[in-house]
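Before I ask anything, here is the structure I am working with.
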Amino acid sequence: MSKPVEKIIADTFLELASALETGAFGSAKILLTGSGSEHGEANMLEGAAMAASRGVHVVYVGSESCDGLSSVYAGDEHKAHDIMERMLANDEVDGAVTMHYPFPIGVSTVGRVITPGRGKPIYIAATTGTSSLDRVEGMVKNALYGIITAKACGILSPTVGILNIDGARQAEIALKELSKNGYDINFAQSGRSDGGCVMRGNDLLAGACDVMVTDSLTGNILVKMLSSFTTGGSFESIGWGYGPGIGEGYDKLVLILSRASGAPVVANAIEFAAELVKGQYKRVAELEFAAAKKARLSAVLDGIRSKNLTTSKVDVVKEPPKEVVTEEISGIEITDLEDAVSLLWQENIYAQSGMGCTGPVILVSEAKLELASKTLAAKGYIRA
């Protein structure tokens, strides 16, 4: 019989505490790509060396190298991601830290930052990616992703708050229904006089919850602000970055950094990845998704969708033959993303939807990039 998630966390918590104390993260091997940083590869190498000094086995992928670090040469960002994906697929590394990586729809990242009011770490769910094309459904999934990440990092019963943004009250209703059905959610209480699990900005600054649920674009802004507010914005110096991509069935451990992330954040992100490996994040995710399904997660999400039904602007068409998609088209509204993909399929252009660091993207092959861009521009999905 499988061990419950609480037992897994309990079994690893003492090991994690020892790891944080001694700098030893066991056999966790974490890859870092260095291309694309606004602060240059020297900044990335510095972060890698800092993480290695804390006991993480780091594999650096870039055009430079450093004594004491395992390294693989990659001349550009595309090549680095190719190497990263191959090494992850072949289990040559346990996880990766990178920049500007498009996740599939259904996957979002959970960041971790220090709250300035109390100096307490808080998980922000989510910070990049798109859990769902429906805003409220996405926030409900983000809550699960945040709980998974926090538990894998040793918090046995993380408190969950919902940032007071559009959709917060609907997400609260859905999460409380899930809780009533048997999924264990430890709702936080606002520090403001009226309480409740819907969090104000004051609660964010004070770290009133362990997991702050929001949409990914808002979460992205929050991480940027909390990571760089002491430096004027150009250099992210505080926190652990934008975190791991979490989603049901997604089996790669990929954590995201910003191009503005400084060496201290790079080092922390690598250490964050090693914590997740040590905390058996895959098993934690498996158990949490199973528990949520048992509590009728599908029915809860169906209820959200039934309130937000819309008619697609483009008829559903047959998917063209698959191609390797390496090029991104940005500037598309999230609400138009799937319709834009359907339009390209209608024109026999294979495409996939995703979410990059700056928002929604459509992925196409290099050969079809120009045609796809012209097609989308002609229909008003992007600027010509």
Side-chain angles (χ1 to χ4, degrees), residues 12 15-74 77 80-81 83-85 87-88 91-101 109-114 121 123 127-128 149 152-154 223 226-228 231 235-245 252-281:
T12 60
E15 294 179 45
L16 270 171
S18 175
L20 291 169
E21 220 173 61
T22 65
F25 281 94
S27 59
K29 186 182 292 187
I30 308 300
L31 181 149
L32 172 70
T33 67
S35 302
S37 171
E38 292 177 2
H39 306 301
E41 282 200 52
N43 172 76
M44 305 300 288
L45 281 167
E46 182 182 353
M50 290 169 65
S53 73
R54 300 172 191 172
V56 185
H57 184 165
V58 183
V59 177
Y60 182 78
V61 178
S63 62
E64 299 183 16
S65 61
C66 176
D67 290 342
L69 285 180
S70 301
S71 61
V72 180
Y73 180 80
E77 199 167 18
H81 281 158
I83 293 170
M84 178 189 84
E85 290 175 346
M87 294 187 76
L88 285 169
D91 294 325
E92 296 174 62
V93 293
D94 299 298
V97 177
T98 190
M99 295 166 283
H100 200 63
Y101 187 74
T109 62
V110 179
R112 186 167 68 184
V113 293
I114 291 288
Y123 294 86
T127 60
T128 65
T149 305
C153 289
V223 172
L226 292 171
S227 297
S228 61
T231 67
F235 187 92
E236 294 177 7
S237 62
I238 304 170
W240 292 261
Y242 300 74
K252 293 188 294 186
L253 181 60
V254 179
L255 287 81
I256 296 300
L257 289 169
S258 164
R259 297 181 188 277
S261 295
V265 175
V266 174
N268 288 347
I270 296 169
E271 197 169 9
F272 190 2
E275 284 183 60
L276 291 164
V277 173
K278 192 79 171 179
Q280 300 182 55
Y281 80 98

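Quantities reported herein were computed from a predicted structural model and do not represent experimental measurements.
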Worksheet entry | With S228 via side chain to side chain donor-acceptor pair (under 3.5 Å) - residues at least two apart |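 With neighbours one apart ignored, the set is empty.
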inquiry  = Donor-acceptor pair, distance only, cut-off 3.5 Å: does the side chain of R259 make one with the backbone of E38?
reply    =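 No: the side chain of R259 does not pair with the backbone of E38.
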Practice item. Just jot down the salt bridge (charged side-chain N to carboxylate O under 4.0 Å, His left out) partners of E92, sequence neighbours excluded, or say none. Key: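 Residues passing salt bridge (charged side-chain N to carboxylate O under 4.0 Å, His left out) with E92: R86.
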| said: Quick check: closest heavy atoms across C153 and R112, and the distance to 0.1 Å? | reply: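 Reported closest heavy-atom pair: SG-NH1, 3.9 Å.
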field: Shortest non-hydrogen contact from S65 toward S71
entry: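 Minimum heavy-atom separation between S65 and S71: CB-OG, 3.7 Å.
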Indicate the atoms forming the closest heavy-atom contact of A28 with V56, along with that distance.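 Nearest heavy atoms, A28 then V56: O-CG1, 4.4 Å.
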Find out whether L45 and E64 are in side-chain contact, i.e. whether some heavy atom of one side chain is under 4.5 Å from a heavy atom of the other.
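Sidechains of E64 and L45: in contact.
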Practice task
Could you pull out all residues at least two apart from E46 that satisfy side chain to side chain donor-acceptor pair (under 3.5 Å)?
Solution key: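 Expected list: none.
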Applying the side-chain contact (heavy atoms from CB on, under 4.5 Å) test to I83, which of V72, V59, L88 qualifies?
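Exactly one candidate clears the test, V72.
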Item checked: Contact check, side chains of T98 and I256, non-hydrogen atoms, under 4.5 Å ->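 In short, these two side chains touch, coming nearer than 4.5 Å.
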Check the angle between the aromatic planes of H39 and F235 and answer parallel, tilted or perpendicular using the 30° and 60° thresholds.
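Rings of H39 and F235: tilted, 30 to 60°.
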**Asked** So, H81 versus T33: side-chain donor-acceptor pair below 3.5 Å or not?
**Response**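 No - no donor-acceptor pair under 3.5 Å links their side chains.
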**Study point:** Side-chain donor or acceptor of N43 paired with backbone N/O of G262 under 3.5 Å
**Key:**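 Checking the backbone N and O of G262 against the side chain of N43, no donor-acceptor pair under 3.5 Å is found.
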Report task. Indicate yes or no: at least one non-hydrogen side-chain atom of L276 is less than 4.5 angstrom from one of F272. Result ->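 SC-SC contact between L276 and F272 confirmed.
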- Counting distance only, does the side-chain N/O of E41 pair as donor-acceptor with the main-chain N or O of S63 below 3.5 Å?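 It does hold such a pair.
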Given side chains that start at C-beta, do those of K252 and E85 come closer than 4.5 Å, heavy atoms only?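 Touching, per the 4.5 Å side-chain cut-off.
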query = Where is the tightest heavy-atom contact between V266 and A48, given as atom of each residue plus distance?
reply =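 Where V266 meets A48 most closely, the heavy atoms are CG1-N, 4.3 Å.
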Heavy-atom pair with the smallest gap, counting every atom of V58 and L69:
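Minimum heavy-atom contact is CB-CD2, 4.0 Å.
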For the backbone of Y242 and the side chain of T109, can you confirm whether one donor and one acceptor N or O come within less than 3.5 Å of each other?
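Yes; judged by distance alone, with no hydrogens or angles, the pair exists.
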